[in-house]
Amino acid sequence: MPVVSPETYLAGLNPAQRDAVLLTEGPVLVIAGAGSGKTRVLTHRVAHLIGAVGAKANEILAITFTNRAADEMRTRLWDLLEDDARGLWVLTFHATCGRILRREAAHLGYKTNFTIYDQADQVRLVKNVLEELERDTKRFVPRGIHAQISNAKNQLVSPDAYRERVASFYDQTVADVYDLYQRRLHAANAVDFDDLLMLTVDVLERFPEAREKWQKAFRYVLVDEYQDTNHAQYRLLQLLAQRHLNLFAVGDPDQSIYAFRGADIRNIMEFERDFPGTQTIALEQNYRSTNAILGAANALIRNNTERKEKNLFSDLGIGDPVRVIELEDEHAEARFVAVEIARLVEEGFNGDEIAVFYRTNAQSRVLEDVLVRQGIAYQVIGGPRFYERAEVKDLIAYLQVLDNPFDTVSLLRIANRPRRGIGDTSIGRLQTYANGHGISFWEALEFPEQAGLAAASTRAVNGLRTLILALQSDLDRPVAGIVEDVLQRSGYTESLEAERTVEAQGRLENLQELVSVAREYQEQAEEPSLSSFLQEISLYSDQDALRGESSLVTLMTLHNAKGLEFRAVFMIGLEEGIFPHARSIEEQSLEEERRLCYVGLTRAQERLTLLHASSRALYGGRTYNIASRFLDELPDEHVERERLAPTSWKARSPAPPIAPRTDVPTLSTGDSVRHGTLGEGVVTRIEAGGVVTVRFSGDGSERRLVLDYAPLEKIAS
DNA sequence: ACTCATCGATTTTTT
DNA sequence: ATCGATGAGT
């Protein structure tokens, strides 16, 4: 029996949202403006499908791009439907394909426990292949070649098809690398992120019984952020929805900002043509921002030609005017932002209701310096991720090798980590031997002498092989136990402990964190196994699980801001060359750049401040930029423009009245400290001017603090 | 195998 | 200015 009734899930929806929930049959396109309640529509539609249409949970597939979006939708669905949500497919594109591909792997000659290579693994494999083909890695930069291959896959271009359209010598090399890269992946029983999509499409296209099975399985397919789909994703949806034709796509062409990674705005622009009989609904009522902010956003985006006409409005009043402010240079800009943040806080804003957006990551530095000195607690989104840290990747590589020793990239990674006397020369000889005998690197480990290794190296290789075999002999047990065993028996923990440095300490903590992840997995998984654990974490490299702090001001790039909202938003560096970025101007992708600006503006609920500096330090020199054309495109109505001379604004707003403490502790690197609100941590760096960096053990985060103001006390050295 | 110096590039990012 | 990668030297 459904727990929700129509009265519950239709209450509080506006007419357009209601249509989007109730039009269940046939293709539907929802043009969802920023802040128009699209997640609400998606979740309530699922509730309606289950509660009133009689769809079974496992007949509904709801696809998102990020784990964060999938998690949010899943949580809201469980709140709404409780047990009726059991069996729903609420997954990212990649997780969906991973699940389909596991069951169809045999069609492609893969085993079900295939390994998924992340970006770094992929580039490393490209590099290996380049070396194997004896190409100059100076002329052929692995990253660049990899990008070409990735693009090809996003376009569903196979190695053979790529070879046919080669137009230059460079292309010829890419074709050669692509071909061998694909064969190496297959031999390693591994796929990369792009393969998850491309191979799933391949299976569905080439095997009719598989196609029919999955087409029948999903009576209703819902997709979020449709404007960000690439060609492969488009084709996947087309295939999956072909039978029932109940494809529900939600998106906003004005928020398409990922063309550079293959997103094709034409997918949403031409949805109605691609899916005849489409019913289109526009959600234009915004529940987030004041009309001053929406007016600025509407006016800006009207300068784009490639869009679907739409005008956002809200009933939240006009609100405060949008401020456009010119300052002397990037330091003045940063100081201004810091002072304004302090004011907002005095006014009653919480730190986590405030955000600063910038176009490029490099712009955060000056800002951070000033915020640290002003004692404003902040977090930067987009730093190094947990699963990408070297030690975490090492440990995962060990686990991958245990599960799938043919995974050569992982095996090469751990072969000499910790150091066990298997150097580059030995590795090279083993690789040559493997290639010469048509066997895998793993199999070559059996014949170190034949490969021409010296006695000491032979012993080391035998040791590695014995270690792996021993660990492999007992894999049917809780994953956390395996992980701990790997750490002990590989000597990894030991070698880190021997370092006796703060960095090593932090790495050990990260590894412990992974043990905890394994423990949690064991409790939550339906059928826990090493293979499935690895699958889960290869597609879940989100940092969001590890953040979520109390009252911190958020700093991030505009790209990272999509989908979020803040009461007060600052956007810095609105200058020609910075934003729009010089590269975008060259590449004539100004419309996308303008959409990025639109995304930024529409994140703000109440206060929006746009800044630009007359001069700015860049690449060692100093540039003098004119104001961004986007600022010229804003209306005069409800927009207030000011130009602040170097000192004029300082007088109006003195630095926040925080008295320096008198009992400043003396610290050195490696000291353990306790922070009033952030808990315990270790000092990892000391800078001039009384700034220390502390790594907190609570969440593993690092934070820069000013000794004079931070509530820090020393607990041990 | 590790450290140091030099060269080059330098938008955005998820899975 | 700064980060990263590469190559030479210890």
Side-chain angles (χ1 to χ4, degrees), chain A residues 63-70 91-98 101 116-124 127 136-138 141-144 147 150 153-154 191-198 200 224-225 228-230 232-233 256-263 330 357-366 381-385 387-388 416-427 457 535-544 556-563 573 577-587 589-590 592-593 595-597 599-600 616-623:
Chain A
I63 305 193
T64 64
F65 273 84
T66 66
N67 288 304
R68 190 181 84 203
L91 298 168
T92 63
F93 269 102
H94 290 83
T96 305
C97 291
L101 214 48
I116 298 167
Y117 281 175
D118 69 11
Q119 171 100 1
D121 297 332
Q122 295 166 32
V123 173
R124 199 165 310 119
K127 199 174 170 212
D136 179 9
T137 51
K138 273 268 168 59
V141 185
R143 268 199 65 112
S150 178
K153 290 184 174 187
N154 288 162
V191 302
D192 65 20
F193 284 140
D194 303 315
D195 279 341
L196 286 170
L197 288 153
M198 184 174 77
T200 302
D224 192 13
E225 306 276 20
D228 286 334
T229 50
N230 62 31
Q233 289 158 336
S256 163
I257 55 172
Y258 284 114
F260 70 91
R261 65 177 201 214
E330 74 275 16
F357 303 151
Y358 34 80
R359 175 68 236 263
T360 66
N361 288 116
Q363 290 171 266
S364 74
R365 268 206 57 187
V366 181
I381 304 299
R385 288 155 211 220
Y387 287 101
E388 284 168 15
N416 201 29
R417 215 165 299 179
R419 273 184 213 125
R420 49 168 72 87
I422 306 178
D424 290 345
T425 320
S426 303
I427 301 237
S457 308
Q535 285 161 36
E536 202 158 297
I537 62 174
S538 344
L539 290 179
Y540 202 101
S541 51
D542 230 344
Q543 55 198 332
D544 301 300
M556 62 180 138
T557 63
L558 284 149
H559 282 90
N560 271 317
K562 194 160 79 152
I578 304 285
F579 190 30
H581 196 275
R583 288 282 262 270
S584 304
I585 301 172
E586 282 166 34
E587 290 165 19
S589 45
L590 272 162
E592 172 142 322
E593 207 75 349
R595 291 192 287 265
L596 188 57
C597 188
V599 165
R616 178 177 299 274
L618 192 69
Y619 304 144
R622 182 153 286 279
T623 56

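Every chain is numbered from 1, with letters handed out A, B, ... down the list of sequences.
Look at A:Asn560 and you won't find any side-chain N or O under 4.0 angstrom from OP1 or OP2 of B:dT12. A close approach under 4.0 Å does not occur between any side-chain nitrogen or oxygen of A:Thr557 and OP1 or OP2 of B:dT11. OP1 and OP2 of B:dT15 both lie 4.0 Å or more from every side-chain N or O belonging to A:Asn230. When the side-chain nitrogen and oxygen atoms of A:Asn361 are compared with OP1 and OP2 of B:dT12, one or more of them lie within a distance under 4.0 Å.
Side-chain atoms of A:Leu539 lie closest to B:dT15 of the nucleotides B:dT15, B:dT13, B:dT11. Of the candidate nucleotides B:dT15, B:dT11, B:dT13, B:dT13 has the atom lying nearest to any side-chain atom of A:Arg143.
For the pair A:Ile585 CD1 and B:dT11 P, the interatomic distance rounds to 13 Å; values are reported in whole Å. In this structure, CD of A:Gln363 is placed 17 Å from P of B:dT10, rounded to the nearest angstrom. Atom P of nucleotide B:dT10 and atom OH of A:Tyr358 are separated by 20 Å, given to the nearest angstrom. Atom CG in A:Asn67 sits roughly 5 Å away from atom P in B:dT15 (whole-Å rounding). Rounded to a whole Å, the CG atom of A:Asp424 is 7 Å from the P atom of B:dA1. For the pair A:Asn154 CG and B:dT13 P, the computed distance is 17 Å after rounding to whole Å. Atoms CD1 (A:Ile257) and C1' (B:dT12) sit 8 Å apart, rounded to a whole Å. For the pair A:Arg595 CZ and B:dT12 P, the interatomic distance rounds to 18 Å; values are reported in whole Å.
Scanning for side-chain contact (heavy atoms from CB on, under 4.5 Å) contacts around A:Phe260 gives A:Tyr258, A:His559, A:Glu592, with sequence neighbours left out. In this structure A:Phe357 satisfies the ring pair (Phe, Tyr, Trp, His ring centres under 6.0 Å) test with no other residue, sequence neighbours excluded. Checked against side-chain hydrogen bond (donor to acceptor under 3.5 Å, both in side chains), A:Gln233 has no partners two or more places apart in sequence or in another chain. Taking the salt bridge (charged side-chain N to carboxylate O under 4.0 Å, His left out) definition, one finds that A:Lys127 meets it with nothing, sequence neighbours left out.
The residue A:Asp192 sits apart from the nucleic acid: no heavy atom pair falls under 4.0 Å. Using a 4.0 Å heavy-atom distance criterion, A:Phe93 is classed as making no nucleic acid contact. Across all strands shown, A:Gln119 has heavy atoms under 4.0 Å from base atoms, whether or not it also approaches the sugar-phosphate. Counting non-hydrogen atoms under 4.0 angstrom, A:Gly621 reaches nothing in the nucleic acid. Using a 4.0 Å heavy-atom criterion, one finds that A:Gln122 contacts no nucleic acid atom at all.
Residue order along DNA chain B, read from the 5' end via each residue's closest nucleotide, puts A:Asn416 first among A:Asn416 and A:His581. Each of A:Ser584 and A:Ile422 lies near DNA chain B, and the nucleotide nearest A:Ile422 is the one positioned closer to the 5' end.
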Quick test: give all pairs of protein nitrogen or oxygen and nucleotides 1-9 of chain C nitrogen or oxygen below 3.5 Å, distance rounded to 0.1 Å.
unit_1, atom_1, unit_2, atom_2, d
C:dT2, OP1, A:Arg365, NH1, 3.4

Strictly under 3.5 Å: I want the nitrogen or oxygen pairs between protein and nucleotides 6-9 of chain B, one per line.
none

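Side-chain contact between A:Phe579 and A:Leu596 is present, with heavy atoms from C-beta onward closer than 4.5 Å. Residues A:Asp195 and A:Lys153 form a side-chain contact, since some pair of their non-hydrogen atoms from C-beta on lies under 4.5 Å apart.
The separation of C:dA5 from B:dT12, taken at their C1' atoms, amounts to 22 Å, rounded to a whole angstrom.
B:dT13 has no base stacking with the ring of A:Phe260 when judged by centroids under 5.5 angstrom apart and an interplanar angle below 30°.
With respect to the salt-bridge test (charged N to carboxylate O, under 4.0 angstrom), the residues A:Glu593 and A:Arg583 do not qualify.
Nearest heavy-atom pair, A:Thr360 versus A:Thr557, reported as atom, atom and distance to 0.1 Å: C-CG2, 4.4 Å. Nearest heavy-atom pair across A:Gly577 and A:Ile585 is N-CD1, 4.1 Å.
A side-chain contact (heavy atoms from CB on, under 4.5 Å) with A:Cys97 holds for exactly one of A:Thr200, A:Leu539, A:Leu91; it is A:Thr200.
Annotation for A:Arg143: atom CZ does not count as buried by contact number, only 12 or fewer foreign heavy atoms lying within 6.0 Å.
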